[in-house]
There are 2 protein chains.
Amino acid sequence: MTTSAQGLHSHVLATLGLAITAGEYPPGTVLRTDELAQGFDVSRTVVREVVRVLESMHLVESRRRVGVTVLPTESWNVYDPQVIRWRLAGADRPRQLRSLTVLRSAVEPVAAGLAALHATPAQCRELTEQALGMVATSRGRQLEAYLVHDIAFHRVVLNASGNEMFARLGDVVAEVLTGRTHHHVMFEDPDPAAVTLHVQVAEAVRERDAVRAEALTREIAVGALKELDVLAP
Amino acid sequence: MTTSAQGLHSHVLATLGLAITAGEYPPGTVLRTDELAQGFDVSRTVVREVVRVLESMHLVESRRRVGVTVLPTESWNVYDPQVIRWRLAGADRPRQLRSLTVLRSAVEPVAAGLAALHATPAQCRELTEQALGMVATSRGRQLEAYLVHDIAFHRVVLNASGNEMFARLGDVVAEVLTGRTHHHVMFEDPDPAAVTLHVQVAEAVRERDAVRAEALTREIAVGALKELDVLAP
DNA sequence: GGGAATTAAAAGTACTACTTTTATGTCACA
DNA sequence: TGTGACATAAAAGTAGTACTTTTAATTCCC
């Protein structure tokens, strides 16, 4: 069983959420609470609580005398980390990775600029450290170790921006980077140019050079976009 | 009563969600299901369903033998439209408006650039129309009418970008613009420079000039940021 | 053929009984 | 006196049932 299930609720939620985001139930499909309860062999209580959660994610809509209707993609809360995880686990993972990468390319440069203004000395240190870690692991097929530093690096930048909305994208970035590493056929070491750019971003932030930090991060983003355009048609 | 309440669930959810996001229950506060049920004079069933939803927003965490614990701000799903609405209605509205505006300033320029590449003829037309509407209502204290066009304009840009994540920020932008208009003391007409910029963005998109569309939108964003720096200390 | 009244299906709500987890306090033993 | 195993009870989790409310759809009357 792949769906982490400590508790009936979690299990049903994960299963249903995954199925819906995977497009298993096309929009407009109506599910009946009692049928779901029977299908999962749980009480109606459990199903109702699950439906309420799915409703809050705008994946479904529950109406009396009708049932639980699956909503079209456009109404989904696509920023909900849970929804993101489900979608990344499902069929349209490539599409999802692309739109998230575009989001990154918009947000991260601005975040880096702000980080240059707001980063604490500790954050500057952490940033440099992670960048050096990236350099150290950038050769010789140490992709997993590299990934850890890469994620940590971007997390620090987002946090140091001082903007709550940016900071909360740390998980998204982590998912994207992980997805990329694990789907890239894992043959090649990371692009040396990208590694250098990260080091330079750390430098720029340390020197409080917002403009440079933003520009450099934009270059990183462009690289990520290019890479993706190659991957997907 | 200000909390829209068709159904017990909605009522309890709105009340509790608002209270928590307003910081009425400091992080770490534990609420007991039965007490809530008594307090709201509803069944435990209703409270449980509400708690499950709040849990999915990471506003609270429910643990056996402990109760429902209010989580710190850092864990909240700050991108959940519902959470955003609650917070905008609460005490830290100014802070919230600022962080959302920064997010806009990062996203919208990129979205505009993409819109220039992907916008359909219909979207181009719509964009021009809204921009002209802004011009028409930009003088003589027609702030409400202006706001409608402004919101529509930005929504079209975000939709036309073709990126799902951007498109879903339409509501956020609408909230921010509305909040701004309604809190600006409503004396002055909109900045003529901003109006002109919108017209030019529509032009650039129509002419498929991505670079120009992005640059112009960035100017609009800078304006919005400046305005906010004046508003809040 | 159209509109009003009826019906029934499904979700919403309530209540009650029971299970499971687990924080905390107790007691025995070293 | 401190420490670890054990017992206790508190609170959430689950189940089942009975009832209410809404409302789509059918029927029936004009």
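Reminder, nothing fancy here: chain letters follow the sequence lines and each chain counts from 1. All values below were derived from every heavy atom in this structure, side-chain atoms included, with hydrogens, water molecules and symmetry-related copies excluded.
Spacing between atom CD of Glu61(B) and atom P of dA23(C) amounts to 11 Å, rounded to whole angstrom units. Put simply, CD on Glu55(B) is 7 Å from P on dG13(D), counting in whole angstrom units. Rounding to whole angstrom units, CD of residue Glu49(A) and P of dT13(C) are separated by 13 Å. Atom CD in Gln38(A) sits about 11 Å away from atom P in dG16(D), given to the nearest Å. Summarising the geometry, the separation between CG on Leu13(B) and C1' on dG12(C) is reported as 15 Å, rounded to the nearest angstrom. The distance from atom CZ of Arg48(A) to atom P of dT17(D) is 17 Å, rounded to the nearest whole Å.
Considering only residues two or more places apart in sequence or on other chains, Asp171(A) meets the salt bridge (Lys or Arg N to Asp or Glu O under 4.0 Å) condition with Arg155(A). For Thr33(B), there are no side-chain hydrogen bond (donor to acceptor under 3.5 Å, both in side chains) partners two or more places apart in sequence or in a different chain.
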Expected list for residues 45-58 of chain B: side-chain donor-acceptor pairs under 3.5 angstrom, two or more places apart:
{"residue": "Arg48(B)", "atom": "NH1", "partner": "Glu49(A)", "partner atom": "OE2", "Å": "3.3"}
{"residue": "Glu49(B)", "atom": "OE1", "partner": "Arg48(A)", "partner atom": "NH1", "Å": "3.0"}
{"residue": "Glu49(B)", "atom": "OE1", "partner": "Arg52(A)", "partner atom": "NH1", "Å": "2.5"}
{"residue": "Glu49(B)", "atom": "OE2", "partner": "Arg48(A)", "partner atom": "NH1", "Å": "2.4"}
{"residue": "Arg52(B)", "atom": "NE", "partner": "His9(A)", "partner atom": "NE2", "Å": "3.4"}
{"residue": "Arg52(B)", "atom": "NH1", "partner": "His9(A)", "partner atom": "ND1", "Å": "3.3"}
{"residue": "Arg52(B)", "atom": "NH1", "partner": "Glu49(A)", "partner atom": "OE1", "Å": "2.5"}
{"residue": "Glu55(B)", "atom": "OE2", "partner": "Ser62(B)", "partner atom": "N", "Å": "3.2"}
{"residue": "Ser56(B)", "atom": "OG", "partner": "Ser56(A)", "partner atom": "OG", "Å": "3.4"}
{"residue": "Ser56(B)", "atom": "OG", "partner": "Val53(B)", "partner atom": "O", "Å": "2.8"}

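In this structure, the side chain of Arg44(B) does not engage the main chain of Gln38(B) through any donor-acceptor pair within 3.5 Å. Listed for the Trp76(B) side chain is a donor-acceptor partner under 3.5 Å among the backbone atoms of Leu71(B). No donor-acceptor distance shorter than 3.5 angstrom exists from the side chain of Arg98(B) to the backbone of Arg93(B), with no hydrogens or angles considered. Side chain of Asp92(A) to main chain of Arg95(A): no donor-acceptor pair is present (N/O by atom type, distance under 3.5 Å, no hydrogens or angles).
Looking at heavy atoms from C-beta onward, Glu164(A) lies in side-chain contact with Thr73(B) at the 4.5 angstrom threshold.
In terms of phosphate contacts, Arg52(A) brings a side-chain nitrogen or oxygen within less than 4.0 Å of OP1 or OP2 of dT13(C).
For the helix from dG1(C)-dC30(D) to dA30(C)-dT1(D), the axis fitted to the five pairs at one end and the axis fitted to the five pairs at the other end meet at an angle of 10° (nearest 10 degrees).
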Pairs under 3.5 Å (N/O, protein and nucleotides 7-10 of chain C):
{"residue": "dA8(C)", "atom": "N3", "partner": "Arg65(A)", "partner atom": "NH1", "Å": "3.2"}
{"residue": "dA10(C)", "atom": "OP1", "partner": "Arg32(A)", "partner atom": "NE", "Å": "3.4"}

Look for any protein N or O under 3.5 Å of an N or O in nucleotides 15-17 of chain C and output each such pair with its distance, or none.
{"residue": "dC15(C)", "atom": "N4", "partner": "Thr45(B)", "partner atom": "OG1", "Å": "3.4"}

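Note: Tyr79(B) and Tyr79(A) have parallel aromatic rings, judged against thresholds of 30 and 60 degrees for the angle between ring planes.
The environment of Tyr25(B) atom OH is sparse: at most 12 non-hydrogen atoms of other residues, nucleotides or ligands sit within 6.0 angstrom.
The residue from His198(A), Gln130(A), His149(A) that alone fulfils the side-chain hydrogen bond (donor to acceptor under 3.5 Å, both in side chains) condition with His154(A) is His198(A).
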